[in-house]
S.K.: 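Quick one: the structure is below, and I'll ask about it shortly.
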4 protein chains.
Amino acid sequence: MPDTEKKQRKKADSPGTKEKILAAALEDFGEHGLSGARVDRIAQNAGVNKAMIYYHFNSKENLYREVIRKHLIRNITAMRGHLEMGDFELVLTTVSETYFQMFNQRESMSRLLLREMAHSGGPVTDEIIKGISESRLPEQVLSVMADGVESGALRDVNLRQAWVSFISMNLGYFLLSPFINRILNITEPEQFLAERKTAVVDLFLNGVIAR
Amino acid sequence: MPDTEKKQRKKADSPGTKEKILAAALEDFGEHGLSGARVDRIAQNAGVNKAMIYYHFNSKENLYREVIRKHLIRNITAMRGHLEMGDFELVLTTVSETYFQMFNQRESMSRLLLREMAHSGGPVTDEIIKGISESRLPEQVLSVMADGVESGALRDVNLRQAWVSFISMNLGYFLLSPFINRILNITEPEQFLAERKTAVVDLFLNGVIAR
Amino acid sequence: MPDTEKKQRKKADSPGTKEKILAAALEDFGEHGLSGARVDRIAQNAGVNKAMIYYHFNSKENLYREVIRKHLIRNITAMRGHLEMGDFELVLTTVSETYFQMFNQRESMSRLLLREMAHSGGPVTDEIIKGISESRLPEQVLSVMADGVESGALRDVNLRQAWVSFISMNLGYFLLSPFINRILNITEPEQFLAERKTAVVDLFLNGVIAR
Amino acid sequence: MPDTEKKQRKKADSPGTKEKILAAALEDFGEHGLSGARVDRIAQNAGVNKAMIYYHFNSKENLYREVIRKHLIRNITAMRGHLEMGDFELVLTTVSETYFQMFNQRESMSRLLLREMAHSGGPVTDEIIKGISESRLPEQVLSVMADGVESGALRDVNLRQAWVSFISMNLGYFLLSPFINRILNITEPEQFLAERKTAVVDLFLNGVIAR
DNA sequence: GATGAATGAGCCTTCATTCAT
DNA sequence: CATGAATGAAGGCTCATTCAT
């Protein structure tokens with residue numbers, strides 16, 4: 001049947017055209033933002049014709065959506081799997097590690113997220129939030145901390161404030177690294193980053209644990 | 001009273017045209033970023049002719065530079081004055097307060113800074129960094145903390161890591177608030193923000209103080 | 001007949017869009033000069049979208065370059081073919097004829113060249129000069145004249161001065177015709193032009209031949 | 001009377017403001033043409049406020065007119081004085097000399113004239129032509145030549161063609177010098193120019209004199 | 001699927017000109 | 001006379017998007 005053939009070809013034909021576009025788009029959106037990105041440039045860096053972008057995705061904005069969907073949300077929801085509840089310190093370490101993996105794999109990623117957050121009402125804000133909410137991660141951690149407070153293991157701190165602080169500590173360096181590196185004269189960012197995971201967990205734990 | 005406003009002067013008049021442009025520009029750059037901002041829109045919101053932007057500033061990018069120069073760097077360097085060394089907790093509180101004042105006065109500001117930081121190689125990165133460096137704030141705080149470690153008052157933590165964490169905790173909510181508010185279901189951001197100052201200092205202090 | 005026009009091809013079609021632009025551009029540049037020409041006007045007269053000018057050529061200035069390249073340099077280098085050495089008078093006549101053909105075919109051309117020469121450091125000066133040099137025309141004529149002087153057929157005149165005079169005589173009317181026609185009250189320029197070829201060669205020959 | 005005072009000041013006040021503007025304008029128009037010239041630039045180079053240009057002259061185009069009036073037409077009409085009829089060769093030499101003086105004094109001048117001629121229907125074409133006609137120079141020379149032909153001293157050439165050739169030979173180098181210098185590899189233009197006057201007259205005389 | 005050509009709206013910038021002082 | 005500020009009308013160029021093949 002020709003139909004069958006066609007369908008199979010459809011998948012086989014474009015050898016990763018969509019993927020090449022998505023990769024180039026991630027780079028460009030990360031580097032220049034939604035309005036600063038250029039469809040021509042993305043097409044050229046992907047090695048495809050510009051019209052193909054409109055064939056596969058329908059608009060620049062939709063491409064942006066898909067990029068975030070693929071690279072960001074996928075990672076966030078994947079976090080759920082890695083997070084089997086247990087020791088509080090282990091939970092914190094796991095969360096930290098996931099963030100570090102997520103943002104470290106591709107430099108463009110953090111920039112992309114940054115810009116998106118700066119937009120607030122941007123096109124994919126809702127989806128990101130939905131992704132995070134569905135991961136139920138904040139909920140779980142807050143509940144673990146609540147248990148800790150109740151059992152007297154943790155100080156009676158404002159849990160949501162604490163959680164915001166923890167997230168901020170984790171993301172902070174990714175968001176601010178170009179600045180921090182120069183201001184603090186950090187010459188080996190990789191090493192600083194490697195130390196950071198434990199430093200963050202250590203500071204936070206000492207900050208909340210009862211004494 | 002005479003000379004209440006500045007209407008009677010012959011020259012150097014231009015009743016705040018530059019200021020009106022700068023204000024409108026801050027809004028637009030904060031809302032849409034450098035590339036997303038529109039010169040027409042800025043002119044219209046400032047109530048001036050579009051060409052005046054090029055008369056007073058020379059290009060869109062230069063206007064951007066001036067906006068940051070005026071609103072950001074001015075604040076950062078002003079911090080120096082407020083920071084007479086004293087009690088460690090007082091220092092932290094002062095720093096926190098300055099950040100909170102700085103970003104709270106105008107919503108656009110945090111978005112502007114956010115975007116600028118995401119750019120890294122952006123047009124004013126150097127100036128911002130210079131402004132911060134000249135304020136000598138990081139230097140001072142690090143030295144205070146070093147004293148604390150030496151005297152045994154503070155745990156032997158990596159100071160730069162701790163400092164990055166403190167900055168991140170302070171800026172984090174400003175940068176991420178649109179997300180955080182919805183994810184943590186924060187219905188009264190003002191109150192959350194008001195609590196935040198002390199929460200941040202409290203968590204950090206407990207995190208570093210020797211026990 | 002099949003394939004009369006070029007409508008059936010798949011690619012490389014664009015039924016002469018580039019050519020239409022070049023033609024309209026020649027007119028506009030000739031009429032108003034590089035800075036006086038208007039891209040909108042060129043596009044409209046060519047019957048194409050303004051953006052196509054930037055698609056096919058990359059800037060107004062580059063379009064200008066291409067116009068000259070196509071219409072001027074092509075003619076100059078073509079001269080080489082017509083110039084088989086022979087009788088001195090024949091050489092002069094050939095040169096004259098080429099100039100007359102070149103500038104007579106399109107009124108805009110002479111104006112274009114005129115303006116370009118007035119610019120000296122203009123964008124295509126180098127190319128024009130290269131085109132002329134490569135045609136080796138001046139070289140050849142000078143050498144023929146040198147032979148004439150040596151054999152005693154020609155007076156011992158300054159050859160380069162003579163050559164400049166000959167060129168000037170040939171181009172002069174094209175450059176100055178709007179003025180000359182009115183000052184000398186020439187009511188039938190075509191006839192004056194037709195007589196000019198022989199008049200120029202005659203005057204020059206008599207001026208240099210030994211007596 | 002204050003009125004008297006004012007009037008006298010009027011003339012005395014601006015110490016050559018108009019002149020400074022005219023000088024700067026000549027330069028700019030010569031360098032960039034009517035449409036390429038910039039009022040700002042002229043004002044700046046003249047060291048006056050831009051509005052002054054509109055105070056003294058009324059528009060860019062009118063300034064252009066005045067520049068030509070002052071620098072070109074003045075010269076052309078001045079020629080009349082220098083031209084007392086006499087020996088034919090003397091007449092030719094005088095004409096040549098006048099042209100050479102006129103164009104040699106200011107480099108911008110020839111470019112200005114060139115551009116104006118390329119415009120044909122330009123704003124001052126009429127005035128230039130009127131200036132030339134009123135100088136009666138062409139008329140006089142043609143009549144001298146006619147006498148020469150009648151007396152048998154000159155060959156029976158087409159007088160108007162000959163006159164056009166003579167003018168072209170005189171102006172040619174000025175118009176084409178940037179090109180000619182490079183094509184003929186003329187390294188000392190001043191010397192070439194100095195030789196040119198006699199070369200032109202010599203060639204023309206030999207071309208028309210009966211043999 | 002893929003491509004080169006085409007389009008229309010809009011953007012940043014410039015410029016001749018005017019106005020208030 | 002002189003000036004700084006202001007204006008409106010383009011002008012060159014870009015860009016997301018679409019079309020024909």
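Within every chain, numbering begins at 1; the chains are lettered A, B, ... in the order of the sequence lines, protein sequences first and strands thereafter.
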S.K.: What pairs of donor and acceptor atoms, side-chain ones from residues 36-43 of chain B against any protein atom, are under 3.5 angstrom apart with sequence neighbours left out?
M.R.:
| unit_1 | atom_1 | unit_2 | atom_2 | d |
| --- | --- | --- | --- | --- |
| B/Arg38 | NH1 | B/Ser35 | O | 3.0 |
| B/Asp40 | OD2 | B/Lys50 | NZ | 3.3 |
| B/Arg41 | NE | B/Asp28 | OD1 | 2.9 |
| B/Arg41 | NE | B/Asp28 | OD2 | 3.3 |
| B/Arg41 | NH2 | B/Asp28 | OD2 | 3.1 |
| B/Arg41 | NH2 | B/His32 | ND1 | 3.4 |
| B/Arg41 | NH2 | B/Gly36 | O | 3.1 |

S.K.: Look up atom OH in C/Tyr54 and atom OG in C/Ser59, then write down how far apart they are to the nearest 0.5 Å.
M.R.: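 So the gap between those two atoms works out to 7.5 Å.
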S.K.: Might you confirm whether atom NZ of D/Lys130 has over 12 heavy atoms from other residues, nucleotides or ligands at distances under 6.0 Å?
M.R.: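 No, the 6.0 Å shell around NZ holds no more than 12 heavy atoms from other groups.
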S.K.: Base contacts versus sugar-phosphate-only contacts with protein, heavy atoms under 4.0 Å: please encode nucleotides 11-17 of chain E as B, S and - from 5' to 3'.
M.R.: SBBBBSB
S.K.: So what stems show up for DNA chain F if we need 3 or more Watson-Crick or G-U pairs in a row, all under 3.5 Å?
M.R.: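 Listed by first number, the stems are E:2-21 with F:2-21.
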S.K.: Can you tell me how far NZ of D/Lys18 sits from CG of D/Leu63, rounded to the nearest 0.5 angstrom?
M.R.: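 It comes to 10.5 Å.
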S.K.: Look at C/His56 and E/dA6 and indicate whether a side-chain polar atom (N or O) is within less than 4.0 Å of OP1 or OP2.
M.R.: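 Indeed, a polar side-chain atom of C/His56 lies that close.
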S.K.: Does any N or O in the side chain of D/Lys60 come within less than 3.5 Å of the main-chain N or O of D/Leu34, such that one atom is a donor and the other an acceptor?
M.R.: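 Yes; judged by distance alone, with no hydrogens or angles, the pair exists.
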S.K.: Got a second to check how far A/Tyr55's OH is from A/Asn58's CG, nearest 0.5 Å?
M.R.: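 Those atoms lie 11.0 Å apart.
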S.K.: Can you check whether D/Thr17 has a side-chain N or O nearer than 4.0 Å to OP1 or OP2 of F/dC1?
M.R.: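 Indeed not, no polar side-chain atom of D/Thr17 lies that close.
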S.K.: If I pick the P atom on E/dG1 and the same atom on F/dT21, what distance separates them, to the nearest angstrom?
M.R.: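 Taking atom P in both F/dT21 and E/dG1, they lie 23 Å apart.
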S.K.: Taking only side-chain N and O atoms of C/Tyr55, does any of them lie within less than 4.0 angstrom of OP1 or OP2 on E/dA5?
M.R.: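 Yes, within the criterion.
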S.K.: Of all residues at least two apart in sequence or in a different chain, which pass the side-chain contact (heavy atoms from CB on, under 4.5 Å) check with A/Glu66?
M.R.: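 A/Glu66 satisfies side-chain contact (heavy atoms from CB on, under 4.5 Å) with A/Leu22, A/Phe57, A/Asn62, A/Arg69 once adjacent residues are dropped.
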